[in-house]
Protein chains: 2
Amino acid sequence: MDVKTARKTAAKTKIHELLAASKTALAHSDIQHMVGGLCDRVTIYRVLDRLAEAGAIHKIVDMDGTVKYAACRMCSAGHHHNHVHFSCQKCHALLCLENVVPSYTLPETYTVLETNFTLSGLCPQCA
Amino acid sequence: MDVKTARKTAAKTKIHELLAASKTALAHSDIQHMVGGLCDRVTIYRVLDRLAEAGAIHKIVDMDGTVKYAACRMCSAGHHHNHVHFSCQKCHALLCLENVVPSYTLPETYTVLETNFTLSGLCPQCA
DNA sequence: TCTAAAATGCAACTCTGTTGCAATAGTGCG
DNA sequence: CGCACTATTGCAACAGAGTTGCATTTTAGA
Ligand SMILES: [Mn+2]
Ligand SMILES: [Mn+2]
Ligand SMILES: [Zn+2]
Ligand SMILES: [Zn+2]
């Protein structure tokens, strides 16, 4: 029991809106600038955790280890995040390529639970 | 002109040996424990940079964004690092699967320069 | 052996993320 | 509507990873 019920707050609403409206994944620092003084930076971390937990957004680790977040769009069916992400070395945008899913063959008996496929280079706009 | 010549030092030798002998990729903190008091932590960072620059090791960003290093073994031909890495959620080992290279199809005109394919789950020993 | 510069140690600093706790503010209910 | 419960927030303090500047040490070639 003890099912905690999520509440609607200004920070949560705003952050979710920002991510939903963004074409690229956003880092914590991006969001911090965008929300202005709406809330504390710790709150942003906590809201991001809650949104990810709720399946509204997903966390992405970029090539260099920086963490970004993107709204879930086509993740509805089964909610997997095994699509490819593209990281542009020029404009530094991180994009979800929702319908690119790589195929591979593992020689041994590995159990795959999660994946992180990131390509880095030049996006169509920067090429 | 101005070609700086690399020198052989105790720290560099030791760190390269550690990575060459390890079956799994090592984090900076792992190496720091392993070298004991041989050198400063800043030196470890600098040695790792130099070894990576020289193509003796490669840097790997794990699922959670932590950075690890592995000796280059089968990277000789052309020296690409587009193979898969496997991150075990139980024993926390990060392994290079040198001969697993995923295939994918990009719908648009992206220029791919680097890749990071990491699978996470249970390794054969932990399954 | 002598010397130039590559490499190191140390201190200080930035950036990212976490934790504890008291204060604040949603939500359901009477 | 007004209250009570507790999810959420702000703040301060902290931990970990990585960087930088500079004086000192050490390597390797002449
Ligand atoms: Mn995505
Ligand atoms: Mn590898
Ligand atoms: Zn771009
Ligand atoms: Zn394992």
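It should be emphasised that the depicted structure is a prediction, and the values quoted were computed from it without experimental measurement. Labels below follow one simple rule: chain letters A, B, ... track the order of the sequence lines, proteins then strands, and each chain is numbered from 1.
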Span of DNA chain D, from the first to the last nucleotide whose atoms fall under 4.0 Å of chain A heavy atoms: dT6(D) to dA12(D)

When you check the side-chain N and O atoms of T118(A) and S87(A), is any donor under 3.5 Å from an acceptor? no

How do A10(B) and R41(B) order along DNA chain C: which one's closest nucleotide is nearer the 5' end?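 Result: A10(B).
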
Mind checking [X] for me? I need base, sugar-phosphate or nothing, with any heavy atom below 4.0 Å counting as a touch.
X      : result
T66(B) : nothing
I44(B) : nothing
L48(A) : nothing

Less than 4.5 Å apart, any side-chain heavy atom of H16(B) and any of I57(B)?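 Side-chain contact under 4.5 Å: yes.
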
So Y45(B) and H28(B), would you call those rings parallel, tilted or perpendicular, with 30° and 60° as cut-offs?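 Correct class here is parallel.
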
H85(A) and H58(A) aromatic ring geometry - parallel, tilted or perpendicular at 30°/60° bounds: parallel

Nearest-Å distance, CG (L51(B)) to P (dT8(C))? 10 Å

Whole-Å gap separating C1' (dC10(C)) and OH (Y45(B)):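 About 15 Å, once rounded to whole Å.
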
Is the backbone of D64(B) close enough, under 3.5 Å, to the side chain of D62(B) for a donor and an acceptor to pair up by distance?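 Answer holds: no.
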
Closest to the 5' end of DNA chain D, once V67(B) and R46(B) are matched to their nearest nucleotides, is V67(B)

Both K59(B) and D40(A) contact DNA chain D. Which one's nearest nucleotide lies toward the 5' end? D40(A)

Joint cluster assignment, L122(A) & L95(A), ILVMFWY side-chain distance < 4.5 Å: no

Going hydrophobic residue to hydrophobic residue with side-chain gaps under 4.5 angstrom, can you get from I60(A) over to Y69(A)?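 No, it is not one cluster - the side chains of I60(A) and Y69(A) are not joined through contacts under 4.5 Å.
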
Please tell me if T9(A) has a side-chain N or O lying less than 4.0 Å from either OP1 or OP2 of dG26(C).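 No, outside the criterion.
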
dA7(C) OP1/OP2 closer than 4.0 Å to side-chain N/O of R50(B):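 Result: yes.
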
Any N or O donor-acceptor pair under 3.5 Å from the base of dA5(C) to the side chain of R7(B)? yes

